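Read through the structure below, which is laid out as structure tokens, and then see the notes.
Being a predicted model, the structure only gives us computed values, none of them experimental.
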Amino acid sequence: MKRNSFNVLFFIKKAKLLKNGEASVCMRITVNGARVETNIRKSIDPASWNQAKECARGKNRKSCDLNAYIEDAKIKLHRIFNELEEQRQPITARLLQEKFFGQDKEPKEIRTLIGTMQEHNDQCRALVGKDYALITVRRYESCKRYLAELIKLKYGKEDLPLTEVNGELVRAFEFYLKTEKSCQQNTVIRYMKCLKKITNLALANEWITKDPFVGIKFHEKEVVREFLTMDELLTIYHKDFPLERIRIVRDVFIFAAFTGLAFIDVQQLSPEHIVEDANGNLWIRKTRQKTKNMCNIPLLDIPLEILRKYADHTICQKRNVLLPVPCNQKMNSYLKEIADLCLIKKNLTTHAARHSYATSVCLANGVSIENVAKMLGHSNIKMTQHYARVLDSSILRDMTNVRNVLSNTR
């Protein structure tokens, strides 16, 4: 087991003198780089203090009393530290401080990083389907597992007191994720955000006093998402596939591409989510599973035709849903076959349908980004900009309007 480092230092506060002109004497305890400071409620004339020797100059009674206190305090702290090491107990600067000033008191529970994460994750799992998605909870659990591996590797311990979580551990965790776990930059940032949530929780509850993320910033890399053009969407839609499993996956994908719904929302779509307005237009009105934001999407002819196609499907009637959606893994696997059969050289996934809706179905046809945001169930346009890409056709259409305006002013 790695030996704990320990140090005690006495100093005076020259910047803030007392009314009598003297400076308060303070004690700083440091364990493994984490420290606590305490005013020992003694003071001295700044000119009479020798910082190099951490004691008062002179032979007067006040100086002798102060020096005796400092010497006794150092001996006592070293004795407490040695006792805790012999008992193989977790040692923190805060624990030494508490034992020094009140050995008759019961020591407070030592909050640890992995223990706090486990408590947090248990609460999140209990709220799956209410405040959290299952995939989010699994990410927190993976983060805890990776942190435990790093602590074992770096410190030779099963856990660390929260007070020992510092910038060094944060940077080591980032390095560990990139090297040992081969995580890409954006994945690393997701795990770092999980850790930061725990440290923010510790700060809010005063379990730690210093933010270990101070001065540490992370920058996500912009990911260019695949989307299909309208021609590619129609190619897939009109393609005759001999296997039923491929036809179902094709129809689910095309439905998502012409409604903008995420995979989980298509899977959960039921008759109650189809609403007819006063003019006889059919709408999808459903809260998103991920954000609980409401989606208001007019049903176009193609997705409406797909819904009618599966109205009497056995699986749909059994589950009370509108489409017989396979699991996401099968969807993505069969979409690769569909791309090959349609000679489309793009990485087709279920999420590519949502990007295709924002870009090729909506923006390419003049739908404002504000309306696209509402249909996608986004709370602000910045989220929509990650999905929507400006097409050359859109640029050309807008600049043609500019050209016409300029021509009329000549």
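- In this structure, the separation between CG on Asn371 and CD1 on Ile297 is 12.5 Å, given to the nearest 0.5 Å.
- Panel note: side chain Arg247, backbone Phe241; a donor-acceptor pair is recorded below 3.5 Å.
- Residues Asn39 and Met27 are not in side-chain contact: their nearest non-hydrogen atoms beyond the backbone lie 4.5 Å or more apart.
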| message | Show, in sequence, the C-alpha distance, side-chain angles and deciding distance for Ile198 and Tyr140, and conclude whether the side-chain contact (heavy atoms from CB on, under 4.5 Å) test is met. | response | CA-CA 10 Å; Ile198 302 302; Tyr140 280 122; 5.7 Å; no

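- Here the side chain of Arg319 pairs no donor or acceptor atom with the backbone of Gln267 at under 3.5 angstrom.
- Salt bridge status for Glu276 with Arg285: absent, with no side-chain N to carboxylate O gap under 4.0 Å.
- Using modelled atom types, one side-chain atom of Lys76 and one backbone atom of Phe100 make a donor-acceptor pair closer than 3.5 Å.
- Between the Asp131 side chain and the Leu127 main chain, no donor and acceptor come within less than 3.5 Å of each other.
- Checked for salt-bridge contact, Lys99 and Glu83 miss the test: no charged N lies under 4.0 Å from a carboxylate O.
- Under the side-chain contact (heavy atoms from CB on, under 4.5 Å) rule, Leu269 has a single partner from Val321, Ile284, Ile264, which is Ile284.
- The side-chain heavy atoms of Trp207 and Thr199, taken from C-beta on, include no pair separated by under 4.5 Å.
- Ring pair Phe263/His351: centre-to-centre distance not below 6.0 Å.
- Here the two rings, on Tyr146 and Tyr191, have centers that are under 6.0 Å apart.
- At a threshold of 4.0 Å, the pair Glu174-Lys178 counts as salt-bridged, since one of the basic side-chain nitrogens sits closer than that to a carboxylate oxygen.
- Checked by atom type, the side-chain pair Asn328/Thr350 shows a donor-acceptor distance below 3.5 Å.
- Residue-environment remark: NZ (Lys13) stays at or below the threshold of 12 foreign heavy atoms within 6.0 Å.
- With no hydrogens or angles considered, a side-chain donor-acceptor pair links Trp283 and Asp277 at under 3.5 Å.
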| request: Test side-chain hydrogen bond (donor to acceptor under 3.5 Å, both in side chains) on Gln118 and Asp122 and set out the steps. | output: CA-CA 6 Å; Gln118 184 61 57; Asp122 290 342; 2.8 Å; yes

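- A 6.0 Å sphere centred on CD of Gln185 holds more than 12 heavy atoms belonging to other residues, nucleotides or ligands.
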| request: Show the numbers, then the answer: is there a salt bridge (Lys or Arg N to Asp or Glu O under 4.0 Å) between Glu337 and Arg245? | output: CA-CA 11 Å; Glu337 292 185 46; Arg245 63 176 176 84; 3.4 Å; yes

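- Within the 3.5 Å criterion, the main-chain N or O of Ser270 finds a donor-acceptor partner in the side chain of His273.
- The two residues Asn32 and Ile91 make their nearest non-hydrogen contact at ND2-O, 4.5 Å.
- Ion pairing between Glu22 and Lys62 holds under the 4.0 Å rule for side-chain N and carboxylate O.
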| said: For a side-chain contact (heavy atoms from CB on, under 4.5 Å) check, start with the C-alpha distance between Ile248 and Tyr310, then their side-chain angles and the critical distance, and finish with the verdict. | reply: CA-CA 9 Å; Ile248 290 176; Tyr310 292 96; 3.7 Å; yes

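- If you take CG on Leu363 and CD1 on Ile369, they are separated by 6.0 Å, rounding to the nearest 0.5 Å.
- A donor-acceptor pair under 3.5 Å links the side-chain atoms of Asn365 to the main chain of Val361, judged by distance alone.
- Contact check on Glu141 versus Arg125 returns a salt bridge, with a Lys/Arg side-chain nitrogen under 4.0 Å from an Asp/Glu carboxylate oxygen.
- At least one donor-acceptor pair under 3.5 Å links the side chain of Glu232 to the backbone N or O of Thr229.
- By the 4.5 Å heavy-atom criterion applied to side chains, Met375 and Val367 are counted as neighbours.
- Inspection of the His120 and Lys197 side chains reveals an N or O donor paired with an N or O acceptor under 3.5 Å.
- By the 4.5 Å heavy-atom criterion applied to side chains, Arg111 and Glu119 are counted as neighbours.
- The 12-atom threshold is exceeded at NZ of Lys309, counting heavy atoms of other residues, nucleotides or ligands nearer than 6.0 Å.
- Proximity of Cys295 to Thr287: side-chain heavy atoms (C-beta onward) are nowhere separated by under 4.5 Å.
- Summarising the geometry of Cys143 relative to Leu195, their closest heavy-atom pair is SG-N, 4.1 Å, with the distance given to 0.1 Å.
- Here the closest non-hydrogen pair linking Ala256 and Tyr357 is O-CB, 4.2 Å.
- In this structure, a donor-acceptor pair under 3.5 Å is absent between the side chains of Thr92 and Glu164.
- Annotation: Asn20, atom CG; neighbour count of heavy atoms from other residues, nucleotides and ligands within 6.0 Å is above 12.
- Checked by atom type and distance alone, the side chain of Asp159 never pairs as donor or acceptor with a backbone atom of Thr112 at under 3.5 Å.
- In this pair, Phe81 and Phe6 present their aromatic rings parallel. The plane angle is below 30°, not in the 30 to 60° band.
- Side-chain contact check for Gln97 versus Leu95: every heavy-atom pair is 4.5 Å or farther apart.
- Between Pro303 and Thr259, the shortest heavy-atom distance links the atoms CB-CG2, 3.8 Å.
- Rounding to the nearest 0.5 angstrom, the gap separating the SG atom in Cys342 from the CZ atom in Arg250 is 8.5 Å.
- For the pair Asn347 and Lys336, the minimum side-chain heavy-atom distance is below 4.5 Å.
- Within a 6.0 Å radius of CG in Leu18, more than 12 heavy atoms belonging to other residues, nucleotides or ligands are found.
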| request: I would like to know whether Leu323 and Asp251 meet side-chain contact (heavy atoms from CB on, under 4.5 Å); could you show each step before the answer? | output: CA-CA 9 Å; Leu323 292 171; Asp251 290 340; 5.9 Å; no

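- Between Lys346 and Glu226, none of the side-chain N atoms (NZ, or NE/NH1/NH2) sits under 4.0 Å from a carboxylate O, so this pair counts as no salt bridge.
- With a 6.0 Å radius and a threshold of 12 heavy atoms from other residues, nucleotides or ligands, Lys374 has its NZ atom at or below the threshold.
- Taking all atoms of both residues into account, the shortest heavy-atom contact from Cys55 to Trp49 is O-CE3, 3.4 Å.
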| task | Just do the side-chain contact (heavy atoms from CB on, under 4.5 Å) check on Gln268 and Lys286 with the steps written out, would you? | result | CA-CA 10 Å; Gln268 296 175 348; Lys286 182 185 183 301; 3.5 Å; yes

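- Surrounding CD of Glu206 are at most 12 heavy atoms belonging to other residues, nucleotides or ligands under 6.0 Å away.
- For the salt bridge (charged side-chain N to carboxylate O under 4.0 Å, His left out) with Glu149, the qualifying choice from Lys157, Lys181, Lys144, Lys154 is Lys181, the only one to do so.
- The main-chain N or O of Cys183 is never found under 3.5 Å from a side-chain atom of Thr187 such that the two would form a donor-acceptor pair.
- Side-chain contact between Leu150 and Tyr155 is absent, with no heavy-atom pair separated by less than 4.5 Å.
- For the pair Arg354 (side chain) and Gly260 (backbone), a donor-acceptor distance under 3.5 Å is present.
- The line from CG of Leu162 to CE of Met117 is 10.5 Å long, rounded to the nearest 0.5 Å.
- For the pair Pro90 and Ile110, the tightest heavy-atom approach, listed with the atom from each and the gap, is O-CD1, 3.8 Å.
- If you check the side chains of Tyr237 and Glu305, you find a donor sitting under 3.5 Å from an acceptor.
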